[in-house]
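To keep things clear, I will list the structure first and then write my remarks on it.
Numbered from 1 within each chain, the chains take letters A, B, ... in sequence-line order.
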Amino acid sequence: MSLATGLLRRQLLLAARRPAQVLSPLIFFAMVVMLFPLGLGPDPRQLAEFAPGVFWIIALLSTLMAAEDMFRSDYEDGSLEQLVLMPSPLFISCLVYAFAHWLLTGLPLLLMAPLFALMLQMPTSALGVLLVSLMLGTAVLSLVSSIGAALTVSVRRGGVLLSLLVLPLYVPVLIFGSGAVAAAADGLSAQAHLLILAGMLSLAVALAPFACAAGVRISVDAG
Amino acid sequence: MSLATGLLRRQLLLAARRPAQVLSPLIFFAMVVMLFPLGLGPDPRQLAEFAPGVFWIIALLSTLMAAEDMFRSDYEDGSLEQLVLMPSPLFISCLVYAFAHWLLTGLPLLLMAPLFALMLQMPTSALGVLLVSLMLGTAVLSLVSSIGAALTVSVRRGGVLLSLLVLPLYVPVLIFGSGAVAAAADGLSAQAHLLILAGMLSLAVALAPFACAAGVRISVDAG
Amino acid sequence: MWSFFHKLGSPPWMYRISGTILTWLLPVTIVLLAWGAIWGLLYAPEDFRQGNSYRIIYIHVPASAISLAGYYVMAIAGATSLIWKMKMADIAMRCAAPIGAAFTFLGLLSGAIWGKPTWGTYWVWDARVTSMLVLFFLYVGVLALYEAWDDEALGAKAAAVLSLVGTVNIPIIYKSVDWWFSLHQPATIKFTEAPSMHMDMFQPLLLMIVAFYCLFTCSLLLSMRSEILRRESTTGWVRKLLLGEGAGAV
Amino acid sequence: MQFDSFADALEMAGHGPYVWSVYAVALLVIVGLLVIPQVRKQRIMRDTLGQIKRREREEAERASGT
Amino acid sequence: MAALLSVANLNLERGGRSLFRDFSLSIERGELVQLAGENGTGKTTLLRYLAGLSSHSGAGELVRSECSQLYLGHKPAVKTLLSPRENLQWYCQGFGFSEEKIDSALELVGLYGYEEVASRTLSAGQLRRVALARVFLGDADLYLLDEPFTSIDARGVALLSAHLSERVNAGAAVVCTSHQPIPVDIPLRRVELGESV
Amino acid sequence: MAALLSVANLNLERGGRSLFRDFSLSIERGELVQLAGENGTGKTTLLRYLAGLSSHSGAGELVRSECSQLYLGHKPAVKTLLSPRENLQWYCQGFGFSEEKIDSALELVGLYGYEEVASRTLSAGQLRRVALARVFLGDADLYLLDEPFTSIDARGVALLSAHLSERVNAGAAVVCTSHQPIPVDIPLRRVELGESV
Ligand code: HEM
Ligand SMILES: Nc1ncnc2c1ncn2[C@@H]1O[C@H](COP(=O)(O)OP(=O)(O)OP(=O)(O)O)[C@@H](O)[C@H]1O
Ligand SMILES: Nc1ncnc2c1ncn2[C@@H]1O[C@H](COP(=O)(O)OP(=O)(O)OP(=O)(O)O)[C@@H](O)[C@H]1O
Ligand SMILES: [Mg+2]
Ligand SMILES: [Mg+2]
């Protein structure tokens, strides 16, 4: 337990010391949201129709942007070796890495979401569903990314490779996430979508840390 | 001159160290394109309307993703120090860095654009304008991002701030770029947009290398 | 049972037995392929709605069918090599990946070309098309990961982990894509006309499916044999094999 | 036979280019799947044999040298 | 007394080159072992194998008795964005050491006054010293150190050597690679690598 | 003969700490200067200042006569994705050296057989050797070397020292930081830093 809190604290400290890295996915998100009405023309109805999908696509991509750095500096400076040697199980550490990643990408997105929803003329009635779906979905994305990041960390210039590995795995989240928001915007019930997202999250929490830990071990083995 | 070609060769070698890495960006773009129908729904009419935006979102994404790495590994392993010490002017090297960045992000997108336009059901009449605007626009993006990359490569407080100042420079490119394609898709003339993009490019070629060189010097100075 | 497993894991046994299998499977495959192709191209009757373009089915459906099966072959081999550290499974996985990717590519390309005369466009974001595209990306991911590592053994482990993750995800991806499509599409394009297929059209299709399965097996065994030789190049049995048979063959 | 002539079979009432291009690509893929492994195997066998012979020659030289 | 760590019939290879063939080594309590050999003979590879970090590259019989181990590699495992104290705090949390000794350890390695600066502003030797401070945080039974004296000045070398010989006298074992002589006055077992291959 | 490089009244500070006050140094042709001092006394900072890499941290009068300079820092400036040969090729192109000597330089530093492997698969010492191979690529008048012996085995240290003393005898100047003694039999000028502060 003390390892988990210690690790979390360390990850957040590191992020606080390198704000540019944390901000750049958010800036990407903000820029696209801003540009979006410009590109499509200001017709509010159309905007609102596209909004859920676009919102989710950008969320996906900005999560992806931050995923590459999850283990990289730790691999390069040798911290990952020490992590592997620590007495507590590696999969718990992996879970913490994913959680920290979520706190730094998913959570800020969640916080900015109401503002962006407003800019995209999304009906306010859908806001609740948007937030819940974002919370569940981005958590799945962080967990899935942690696997890809662990497998590619020892490969120099792993960024694009990582995208190749995890983007296909993002697809279900995208479908149900944007589906939920679209349903809510149309005044339908989004409960089924959210339940499915919650199911995916439990599956990811149960399995991803183990795959991630295996990946970390293989990467450390590569020296 | 030999320095410039040597540097270009080195940058491309680094990127192409493995054959898969040359193809990866292409596949990556295809994956991102796939996200749009999945998020927005498969209706061809809708997709066609959104297509110009898709290209520019990908351009921005790939520029941002690759920009961070432009100087980082060279800074970390000390190559940047040697670059500064080399006899030829630093701004030329900076221009080469930006050009290599463009070859690895803008050009692949340009190559894949016709295929994606087909997949997104864009009217073929807009293809010419799409290609020209992408070429001009991604070149500007690469040049502008080289400034930000040079400033942020050594972690210093000021760097973050300065790179945030650079980011808004992306916005006009995206506006005029997607504006040009949208106009062409609607059957209007896109000449004005393209001329403005060309103007931005000449400005960027003339100024960005100097700003970038100054940034590199500051970063190297920081040790 | 155990001894069979043991044998499966032994390179020389595998090399020998696969050689024996290939001596008859390879000719059978080629004959089946030629027979099926000629039958489908020239003798099967014309479809009353799609005309001759439907003849693409004899490539398209077998290739598409194999692509998914190939992924599972690869993933099961990967799991076996991860868990039981069986050399042969490792080799099987390494060899199955590019073959599966090739079939997937063929399925995609033939479908796209078929789309032009039937749908009037090369590409439609239909559920099956999209899942197939995702599958192709999954294959590419595994191949790229393999290729990215300096150390082969580690690359194989990493790729095995990835293919296992993919296996858990494929059903979820397929289901969600299905659901996505049925939600959005008021069925403007339907291309699954299989049930009403005429028997004369169906028989060559069946033949081609069998032929493609044989083709997959042949190609897998062939690449496994060369991979076995490469990895065992310093062992005694390879030396004996090469010095015995090598004089004539090389 | 569904077609009266060779030209007819090529033409396939307008669908020929599509059908034949698919079969051509399929042929390429099939040939690739069967031939590439064989070529690789030949190369590996040649390289390995070379290695073995070289090693044995070196060993023989060492043995005769000492 | 049984060996703390022993390896027998080890075959190690990297990048297709065989580094060791049928290598055996057994390390007892109270031993200070220096792994010596030219650049590229496989000292690091062996040490990582002994630490349990890289299993794939070798095949051998590794037997390790129940003991606490401290491994320091070529890479310092120091986060340059964090201060020396923050680095050691995380290390203590991860390995379950008490955090009380951090300040005294930092002072011992000569980083008094630098506890709170970002490690990236430290000099090369000071950064290595942060890594070495771990040795003073808590006692281990088995030390696996890969070129611990890199970038360290003469006084630092003496300090570390003294501490290591003290630990050896107290019954721990130290395996250490180094291209420099190790200035200790206890018996030193030198294992020369790369000769037999 | 005028000094190759001279600095007078130098005030250097890093991170708010003053490292040198009114420091002066003048380096003539045919001199081998060892900068010595404990970790963190400012050797690297001084060397980088002399090399012209960091001007902001110091204020002083730096006079450099027209001469070719070779600087090797703590960081190896070797791309781990490229092979040793590719690394040196780019170095030659950048500094305008001929590429002919690359193979002999690599052989000299003991990397024969490793010219084409990716540098990330080299051992720590081998990687440093790629960096050191630059010294053998072409002759410079002024060598500024920051701990060139890091991770290098005894044979490598001897090789490099011999080359440096040869260059010094031929009229070049060498400024070198090192915590180890430099094994040369020519006169060595030791500049002790960190005493006066
Ligand atoms: C790029 C485009 C296409 C892709 C990726 C694709 C993919 C697939 C897949 C995955 C299957 C399932 C095979 C199996 O497991 O049995 C399939 C079957 C089939 N496809 Fe396509 N297809 C494409 C285009 C087309 C087109 C244009 C047509 C004709 C109009 C078509 C006709 C069929 C038929 C008739 C079947 C068999 C039906 C069945 O088994 O239910 N496909 N395709
Ligand atoms: N980027 C920086 N920002 C702030 N302070 C720095 C920076 N780099 C070095 N310093 C400080 O300057 C001092 C001198 O550092 P320098 O690297 O020159 O030491 P050094 O003599 O080379 O030591 P070593 O023997 O460890 O290499 C150190 O106390 C260090 O804390
Ligand atoms: N990741 C790797 N992939 C392939 N080969 C490697 C890898 N790491 C090291 N090697 C090779 O293994 C050999 C031994 O490397 P190792 O790092 O163990 O040497 P070392 O004895 O520690 O050398 P040094 O004194 O330079 O630190 C070297 O020849 C090197 O080329
Ligand atoms: Mg080593
Ligand atoms: Mg220094």
* Structure fact -> Okay, S88(A) and chain E: the region with an atom under 4.5 Å from a heavy atom over there is neither
* To do: Sort L83(A) into side chain, backbone, both or neither according to what part of it lies under 4.5 angstrom from a heavy atom of chain E.
  => side chain
To the nearest 0.5 Å, what is the distance between [atom1] ([X]) and [atom2] ([Y])?
X      : Y       : atom1 : atom2 : result
Y71(E) : E81(A)  : OH    : CD    : 4.5 Å
L3(A)  : F95(E)  : CG    : CZ    : 9.5 Å
L14(A) : L82(E)  : CG    : CG    : 4.5 Å
S54(E) : I218(A) : OG    : CD1   : 13.5 Å

* Heavy-atom closest contact (V78(E) atom, D77(A) atom, distance) -> O-OD2, 3.4 Å
* To do: List the atom of P87(A), the atom of G94(E), and the distance in Å for their closest heavy-atom pair.
  => CD-O, 3.4 Å
* side-chain contact (heavy atoms from CB on, under 4.5 Å) evaluation trace for L53(E) with V84(A) -> CA-CA 8 Å; L53(E) 280 171; V84(A) 167; 4.2 Å; yes
* Tell me, yes or no, whether the heavy-atom count around R189(E) atom CZ, taken from other residues, nucleotides or ligands under 6.0 Å, exceeds 12. => yes
* Would the number of heavy atoms belonging to other residues, nucleotides or ligands and lying under 6.0 Å from CG of D22(E) be above 12? -> yes
* Can we say K79(E) and D74(A) salt-bridge, meaning some charged N sits less than 4.0 Å from an Asp/Glu carboxylate O? -> yes
* To do: Indicate yes or no: does R17(A) engage E86(E) in a salt bridge with an N to O separation below 4.0 Å.
  => yes
* Asked: With side chains defined as the heavy atoms from C-beta onward, is the minimum distance between Q82(A) and L72(E) less than 4.5 Å?
  -> yes
